[in-house]
Amino acid sequence: MKKTKRKKKTRVSIRMNMMFFVVFLLFSVLIFRLGIVQIVQGEDYQRKIERTENVTVNTSVPRGKIYDREGQIIVDNVPQNAITYTRKKGASQEEMLETAAKLAKLIEKETDQVTERDKKDFWIMKNEEAAKAKVTEKEWTRYEEGEISEDDLYQLQLDRIREKELQSLSAEELEILAIYREFTSGYAMTPQIVKNKGVTQKEYALVSENLSSLPGVNTTTDWERAYAYDETLRTVLGNISSSREGLPKEMIDFYLSRDYSRNDRVGTSYIEYQYEEVLRGQKTKVKNVTDKSGNILDSQIIREGQRGNDLMLTIDMDLQLAVEKIIEEELWRAKSQPGHPLLDRAFVTMMDPNTGEILALAGKQYHVNEDGKAEMRDFALGNITTSYTMGSVVKGATVLTGFMADAIEPGHTFIDEPIKLAGTPSKSSWFNRGGAMRVNDHYALMRSSNVYMYKTAMKIGNTEYRPNMSLRMDAQQVIMTMRRYFGQFGLGVRTGIDLPNEQTGYQGKITQPGLVLDYAIGQFDTYTPLQLAQYVSTIANGGNRMKPHIVKSIHEPASETGKIGSLVEDIHPQVLNRLDATESEIERVQEGFRMVMGSSQGTAARYFSGASYQPAGKTGTAEGVYDGPKREEYLERGESLPMTWNITLVGYAPYDNPEVAFSVVVPWAYQSSAYSTPINNTIGRKILDKYFELKEERMAAETSDIIIEQEMQLSEEEKGDEEE
C-alpha cells in the first residue's frame, strides 16, 4: 500500500517538473524575441515611427440641388474632369517647379490669371545671379549689418526688374508659372484644383498615365454649378465662390471653425449664402499617412462624403418664366413709345396670402450695354433691395389705420372737396377737382379719394378740416402712430423673408404738418415691392401678416436621378402678427378693393373686366423727384432733377377665397401725364390670367392622369378575368 502511494507521488512530481520546464522554455523564447525586437530591431522600428505621421484632410463634395415647387430642377451640379495637386509638407520651390514643368507638357493652362508680381517672383527664381546683381554692394553690406531686412532686399530686386526682362519669359515659361501659381495657392496636404474647366479627354488620359512621375498631381472628378434657366432668378439664387477664391476673407475664421478648408467653395450671396449649411454637404474625410518629408505613404477613407441636401423652393418656375416674359414685353412696348426716357425697371411679387409662399419673384431692368445695344437684365432681387414711394395702393392701410386708431368707423363718410390750407396749394382727388360730394370708405377706395385719406389723417391728429385753416397738429406723433399701424401690414418694416440684405425702405423726414397728408396717400415713406405684397396679403387673408419664404422644404439627396429625396424639413407657415382690427373692419376694405376691379367706376375696372377669377386690389400713382441711376448725370450737368411718376398695383384673387396675392411696381414710368401708361394694370391682368391658366392646365392634366390610371387598372383586371 505504501509502495503504491510512493509511485503516484513520483509520477506527479515528474509531470510538474515537465510543466515548469515547458513554461520556462516559453518564457525564454518570449524574452529572446523581445530582446531581438528591442535590441536588434529597435532602432529600425523607432525610425519607422519617427518618419510617419497621420494627417487628416477633407475633400470637397457637390452642393445640394435646388428645385421649384413642382419638382423642376433649377440649379444642378455638372461633373467635370479635373487635375489637382496636393502639396506635401516641406515641398521646395524646385520640386514644385519641376513638377509644374512636366505637367505643362501634358496640359494646356491659361495664363490670364498670372499677375505682374507673379512674373517678377518667377523671374527671380529663374535668374538668381541676375537678381542678386540688382542689389548694390552697399545695400548688401547694409543687409549683412542688419540695417535692412531680407524682405527689404527682395523688394529692391522686385522694383528693379525691367519690363523688357519680364517680356523675355517665353509662352512655355508662363504656362509653367500659371501651373506653379496654382500649386502654391493651395495648403499643405489639401488638394488644390489646377485645372477643372475644359480638361480634354486626351489631357486627362496623359496625366493619369504619368502620375508616377508627377508627385502630388492627381486626376479626379470635380463639379460645377449649372443653372437650368440661364438668367432667370439668378440674382436671387445667388453665387458661390470658386475653388481659386475659396473662403471669403471677411468670414474665413467663421468657416474654418466649422470644419471648412480654405479653398472650399461656399455660397456668397442670397439663397446660396442663406442656406449654406443645408447645401454644403458632408465632405469625405481622408487620413493620409506620410513620412517626415511629407510624402504620402498610404490613404484611408475615415468617412464617406455625401453631397448637400436639396432645396425645394416655393417658386413656380412655369409662372416665374411667364411673369418675366410679361414684364419684358410691357417694358419693351413702353420704351418703344415716346415720353419714357427714365423708365428702366419693373417688379412683380406673387405669393400665397395664406402661407407666405413666394410663387414668383420677378424683376427686369432695361440696360444699354457698351455696344449701344439695349437688353433686359434679371433684377428679381430689386423686390427686396429697392424701395419707392408707392402712392394710392397703401390707402387700404390708411383706412384700416383710421379704424384701429378709433379716428373713424366702418362706413364713415367725409365730404370730398378740394383741401385749402393756409399758405399751401389746393389738394384734391383726381375725380373731383372743384366740387363737393359725400363719400364713404368703400367709394373712397374704389375711386381712390385723396381727400378721404387726408381727412382720416387729420382725425387721427384730432383735427377737423376747415377751409383756409392752418394745420396745427403734432405731425411727428401722427406719422409715428400711422407708421406703427402700417408696420402691422409689413409696410416700412422687415417682412422676415428667408433672404439676406432685405431693405425696409426710407422714412421721410417730418418737417411740417402738411407732410401727414402726403403720408396718408403713400407719397412720403418708401416701401419695397415685397412689402406691398405682404401688405395686400394681410388684407386678403383677413388680418394675418404671414412671413414670406422662398424655400418650401429641405430634402435628402435622392439615390435615383430625376427623383426628389426624403423630406428633412418642411417650412411651415408663420404668422408674424395680427392686425388690431375687427373682422368687420377688414371686410370693409376687402369690399372696397373688390370694387376697384369689379365695379364700373373702379380705377382698375376696365383692365380687369370679364376676369372669371373675381379679383380685388388697389391701383396707385406717386409723384416725386427722380432718384434713379441717371441722377448723377443731371447733377453733373447742373440740372434740377425731373419730376416722375411711379405707378403701382396690388391685388389678390378670388376676392372671397384668396389663393394668390401680388404687387406690381413700375418706378419712373413717365414724366408727364401726357405720356401716362397703364403698364402696371396690363402687367397685373396678364400675370393673374397666367396664374389661373396654369392652374386649369394642371388640374386638367391631373384629371387625365387619373383617368389613364383607372383605365390601366381596369384593363389589368379584365386580363386577369380572361386568364381565369
All side chain to side chain donor-acceptor pair (under 3.5 Å) counterparts of Thr495, not counting sequence neighbours:
Glu502
Cut-off 3.5 Å, side chains only: do Arg606 and Asn681 have a donor facing an acceptor?
no
Please report the closest heavy-atom contact between Ala520 and Lys395, naming both atoms and the distance.
O-CG, 4.4 Å
Is the gap between the ring centers of Tyr519 and Phe486 under 6.0 Å?
yes
Do Arg433 and Ser428 have side-chain N/O donor and acceptor atoms under 3.5 Å apart?
yes
Residues 619-627, side-chain donor-acceptor partners within the protein, below 3.5 Å, at least two apart:
unit_1 : atom_1 : unit_2 : atom_2 : d
Thr619 : OG1    : Thr603 : OG1    : 2.8
Tyr626 : OH     : Lys630 : N      : 3.0
Asp627 : OD1    : Trp668 : NE1    : 3.4

Heavy-atom count check: over 12 atoms from other residues, nucleotides or ligands less than 6.0 Å from Glu277 CD?
yes
Do Thr648 and Lys618 have side-chain atoms, one donor and one acceptor, less than 3.5 Å apart?
no
Kindly indicate, with the supporting measurements, whether the criterion ring-ring contact (aromatic ring centres under 6.0 Å, His included) is fulfilled by Tyr670 and Tyr675.
CA-CA 6 Å; Tyr670 52 90; Tyr675 298 105; 8.8 Å; no
Counting only heavy atoms not in Lys325, do more than 12 fall under 6.0 Å of its NZ?
no
Can a donor-acceptor pair be found between the side chains of Ser429 and Asp416 at a distance below 3.5 Å?
yes
Side chains of Arg588 and Val399, heavy atoms from C-beta outward: is any pair under 4.5 Å?
no
Residues two or more places apart in sequence or in another chain: which of them pass salt bridge (Lys or Arg N to Asp or Glu O under 4.0 Å) with Arg483?
Asp525
Classify the side-chain pair Thr682/Glu330 by whether it contains a donor and acceptor separated by less than 3.5 Å.
yes
Can you see whether Thr232 engages Gln320 through a side-chain donor-acceptor pair at a distance of less than 3.5 angstrom?
no
Examine the side chains of Thr268 and Asn239 and answer whether a donor and an acceptor come within less than 3.5 Å of each other.
no
Within a reach of under 6.0 Å around CD of Glu639, are more than 12 heavy atoms found that belong to other residues, nucleotides or ligands?
yes
Under the side-chain hydrogen bond (donor to acceptor under 3.5 Å, both in side chains) rule, what do Asp316 and Tyr691 come out as? Steps first, then yes or no, please.
CA-CA 10 Å; Asp316 180 337; Tyr691 171 86; over 6 Å; no
For a ring-ring contact (aromatic ring centres under 6.0 Å, His included) check, start with the C-alpha distance between Phe347 and Phe379, then their side-chain angles and the critical distance, and finish with the verdict.
CA-CA 8 Å; Phe347 305 99; Phe379 197 21; 5.4 Å; yes
Partner residues of Lys427 under the salt bridge (Lys or Arg N to Asp or Glu O under 4.0 Å) criterion, sequence neighbours left out
Asp518
I need the full list of side-chain hydrogen bond (donor to acceptor under 3.5 Å, both in side chains) pairs touching residues 539-553, with sequence neighbours left out, sorted by first then second residue.
Glu357-Lys552, Gln534-Arg545, Asn544-Arg578, Arg545-Asn577, Ser553-His555
Are Tyr465 and Glu417 close enough that a side-chain donor and a side-chain acceptor fall under 3.5 Å?
no
Using modelled atom types only, decide if a donor and an acceptor are shared between the side chain of Ser241 and the backbone of Val266 within a distance under 3.5 Å.
yes
Arg631 meets the salt bridge (Lys or Arg N to Asp or Glu O under 4.0 Å) criterion, sequence neighbours left out, with none
Are the side chains of Val666 and Asn646 in touch, meaning some heavy atoms are under 4.5 Å apart?
no
Determine whether the side chains of Asp580 and Gln488 contain a donor N or O and an acceptor N or O closer than 3.5 Å.
yes
Answer yes or no: are there more than 12 heavy-atom neighbours, outside Arg637 itself, under 6.0 Å from its atom CZ?
yes
